[in-house]
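Remember, predicted model here, so these are calculated numbers, not experimental data. Side chains included, hydrogens not; waters and symmetry mates left out as well; all remaining heavy atoms used.
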Amino acid sequence: MALSNIEKHYNKHPEDLRLQRRHGIVEFETTMHHLRRFIKPDSFLLDIGAGT
């Protein structure tokens with residue numbers, strides 16, 4: 001079975017380490033900043049289909 005373009009992309013650029021690199025760290029910290037502003041301690045966050 002041939003790989004789709006999406007599979008080829010993620011095989012070439014794995015997401016697992018992305019948030020540990022320079023720009024990924026900025027992305028992660030920015031996301032967490034906004035989540036902390038809007039999500040209350042007793043809230044739940046559902047993430048559907050966001051990848052790794």
Taking atom CD1 of I6 as the centre, does the number of heavy atoms from other residues, nucleotides or ligands within less than 6.0 Å exceed 12?
no
Counterpart residues, side chain to side chain donor-acceptor pair (under 3.5 Å), relative to H34 (two or more places apart)
R37
Rounded to the nearest 0.5 Å, what separates atom OG1 in T31 from atom CZ in R36?
10.5 Å
Just distance, no hydrogens or angles: give the donor-acceptor pairs under 3.5 Å from side chains in residues 20-29, sequence neighbours left out.
residue	atom	partner	partner atom	Å
E27	OE1	R18	NH1	2.4
E27	OE2	R18	NH1	3.4

Hydrophobic cluster membership, M32 vs I39, 4.5 Å side-chain cutoff:
yes
